[in-house]
Amino acid sequence: MKLWGGRFAKETDALVEEFNASIPFDKRLYEEDIRGSMAHCRMLANQGIICGDEAEQILAGLAVIKEEMDRGEVEFSLALEDIHMHVEKRLTEKIGPVGGKLHTGRSRNDQVALDMHMYVKKEILETVALIGNLQEALVNLAEDNLDAVMPGYTHLQRAQPVLFAHHLLAYFWMLQRDRERFLDSFGRADWMPLGAGALAGTTFPVDREMVASELGFAKLYENSMDAVSDRDFVLEFLSNSAIMMTHLSRLSEDIIIWNSQEFGFITLDDAFTTGSSIMPQKKNPDVAELVRGKTGRVYGHLMGLLTVLKGLPLAYNKDMQEDKEGLFDTVDTIKICLRLYAAMLRTVEPNKERMYAAVARDFASATDLADYLVRKGLPFREAHAVVGQLVGKCVAENRQLVDLTTEELTEACSHFEDDAKEMLPPEACVEARQSRGGTARSEVEVQIRHAKSLLINDQEK
Ligand code: ARG
């Protein structure tokens, strides 16, 4: 007989049972479910809703069930629907009918909301730590290669020389915002829903503050209907994950391009690449490609839950059970992506000569030549035109800006003097960009110091 079977005369159709059950995936919440039940039980006893002796028995029973589940000893069945009913059923098997008192003043609607909040809070903190770890790998790779100069790109066309470190650190700051976004969302996952009952509150004199403080929640939901029907905290987790995956996907794109034979800017370690079953020479950047690919499923989970929620009337609806698989898959996906990325970056070998060669014989210093004329008093627009013509001339003659003689330069514009060609080496272009946040080494060093202090501060929190 089902725990809710009182008013039913017929058995549930087998296909319905399978369709309705969430146990295949929500068993993952057993730890939160039991911890939440323990807090609820202590509160019931404290308020005199159940007696102390009953509470003792329930708590002891729950502790044993937790151990059984830790050891994977409990058999789950579709007939018992979800993790909440499995725990309750096992409890009454163990301690008898008194186990049935645990559900006093509570509904599965506020219970599942509580479990989900506890789970999301835990995963936010784990995600934040993993992001920090990846940020550290980026800072280390940047700091170890401060001398590497490469082309910076716009439109994937060589634009201006930058430090390889500068390019890497751009990702540090994206991830910093991700970390802050996750931490910021923690505050909204930190509202405690239990005590909402099915939707309207409960007739028992529950102490919601006590449950919140036992379980480490900062706030209570102020409205019982909101408490059981809110999944914003799940949406925020998915949305934060989607934005973060966008960053990892863009980093993947850079890594894949840099690792190509055409670019050859970096070499990925054998341990983080895979081969081809037909082409013996291949060494593929599968990790980066898969991270880029998995971004799609994370976006999908966000879209999925937004769509589930958009048409739901208050309060709880069974549709909301659909919040779980997408969330769990997102958690698993982002955690492995973050772990792999940190490990892979620790083994990346930059090929500094290739990077330098790509920028040395190139037009990437054209802006610097124009800026030179501006410093001599020419309006920037005119300087742009002069240098544009010089570039055109070089392209036609298959030469580079460095190949032009000072005479050729002064012919194009009388403001050019002997020192004009000093603007052209890529290192000079990099060094000249000392504006705050620019690519000059001194500025990149400022970034690295700031980045490290953020990582240390956050570890101390
Ligand atoms: N398995 C359900 C879920 O994940 C638990 C809540 C069920 N509540 C109910 N009234 N059927 O949402």
Side-chain angles (χ1 to χ4, degrees), residues 123-146 148 150 152-156 159-160 162-186 236-259 265-266 285 287-299 302 330-331 333-346 348 350 433 435-439 443-459:
E123 292 301 343
I124 288 175
L125 297 180
E126 288 193 18
T127 304
V128 161
L130 288 173
I131 297 174
N133 200 31
L134 171 53
Q135 287 179 292
E136 196 181 307
L138 279 164
V139 175
N140 290 341
L141 187 59
E143 195 173 31
D144 290 347
N145 296 286
L146 268 171
M150 64 179 277
Y153 295 83
T154 63
H155 314 265
L156 201 56
Q160 291 173 349
V162 293
L163 289 188
F164 173 59
H166 194 53
H167 192 136
L168 290 173
L169 288 170
Y171 287 100
F172 175 94
W173 297 107
M174 293 178 223
L175 290 166
Q176 179 63 22
R177 290 192 293 278
D178 290 328
R179 208 148 55 95
E180 288 175 13
R181 236 185 309 275
F182 273 106
L183 278 175
D184 177 57
S185 69
F186 187 91
E236 280 197 73
F237 189 93
L238 297 176
S239 152
N240 296 340
S241 301
I243 297 173
M244 188 192 76
M245 287 302 288
T246 307
H247 300 148
L248 295 190
S249 188
R250 293 183 74 173
L251 177 56
S252 295
E253 186 67 14
D254 275 334
I255 297 270
I256 291 162
I257 292 174
W258 292 348
N259 184 61
F265 287 180
I266 58 168
V287 171
E289 290 173 275
L290 268 175
V291 169
R292 189 177 57 183
K294 283 178 188 293
T295 303
R297 68 202 279 164
V298 174
Y299 290 0
L302 171 61
T330 298
V331 165
T333 302
I334 65 171
K335 281 165 101 174
I336 193 160
C337 289
L338 286 167
R339 284 207 176 92
L340 271 171
Y341 242 107
M344 182 168 74
L345 288 184
R346 293 202 167 92
V348 161
R433 284 174 173 72
S435 54
R436 176 96 160 72
T439 194
E443 278 305 308
V444 172
E445 281 168 349
V446 168
Q447 269 186 76
I448 290 178
R449 273 199 298 280
H450 187 185
K452 282 185 170 173
S453 76
L454 282 171
L455 289 177
I456 292 167
N457 279 346
D458 293 347
Q459 268 158 16

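Between H247 and L251 the shortest side-chain heavy-atom distance does not fall below 4.5 Å. With contacts defined as side-chain heavy-atom distances shorter than 4.5 Å, the pair D254/Y171 qualifies. The side-chain heavy atoms of D178 and N240, taken from C-beta on, include no pair separated by under 4.5 Å. Side-chain contact between Q447 and H450: absent, with no pair of heavy atoms (C-beta onward) separated by less than 4.5 Å. Considering only heavy atoms from C-beta on, L345 stays 4.5 Å or farther from L168 through its side chain. In this structure the side chain of R297 never reaches within 4.5 angstrom of the side chain of T330, judged on heavy atoms. Put simply, the side chain of L290 does not reach to within 4.5 Å of the side chain of L340, judged on heavy atoms. For the pair L169 and V444, the minimum side-chain heavy-atom distance is below 4.5 Å.
Not counting sequence neighbours, E289 has no partner by the side chain to side chain donor-acceptor pair (under 3.5 Å) test.
Atoms CZ and CH2, from R179 and W173 in turn, are 10.0 Å apart once rounded to the nearest 0.5 Å. From I243, atom CD1 reaches atom CG of L248 across 12.5 Å, with rounding to the nearest 0.5 Å. The distance from the CD1 atom of I334 to the OG1 atom of T127 is 4.0 Å, given to the nearest 0.5 Å. Considering OG of S239 and OH of Y299, their distance stands at 11.0 Å, rounded to 0.5 Å. Atom CD in Q135 sits 11.5 Å away from atom CG in L130 (nearest 0.5 Å). I257 CD1 to L156 CG: the interatomic distance, rounded to the nearest 0.5 Å, is 5.0 Å.
Relative orientation of the F237 and F182 rings is perpendicular, given thresholds of 30° and 60° on the angle between their planes. Ring geometry, W258 versus H167: the interplanar angle exceeds 60°, so the pair is classed perpendicular (tilted spans 30 to 60°).
With salt bridges taken as basic N to acidic carboxylate O contacts below 4.0 Å, none links D184 and R181. Between E443 and R433 there is no salt bridge, since none of the side-chain N atoms of the basic residue sits less than 4.0 Å from a carboxylate O of the acidic one.
In this structure a side-chain-to-backbone donor-acceptor pair under 3.5 Å is missing from Y341 to V287. Here the side chain of N259 pairs no donor or acceptor atom with the backbone of I255 at under 3.5 angstrom.
Sequence neighbours left out, not one pair with a member in residues 128-137 passes salt bridge (charged side-chain N to carboxylate O under 4.0 Å, His left out).
Atom CG of L125 is surrounded by more than 12 heavy atoms from other residues, nucleotides or ligands within 6.0 Å.
When every heavy atom of I256 is checked against every heavy atom of P285, the shortest pair comes out as CG1-CG, 4.1 Å.
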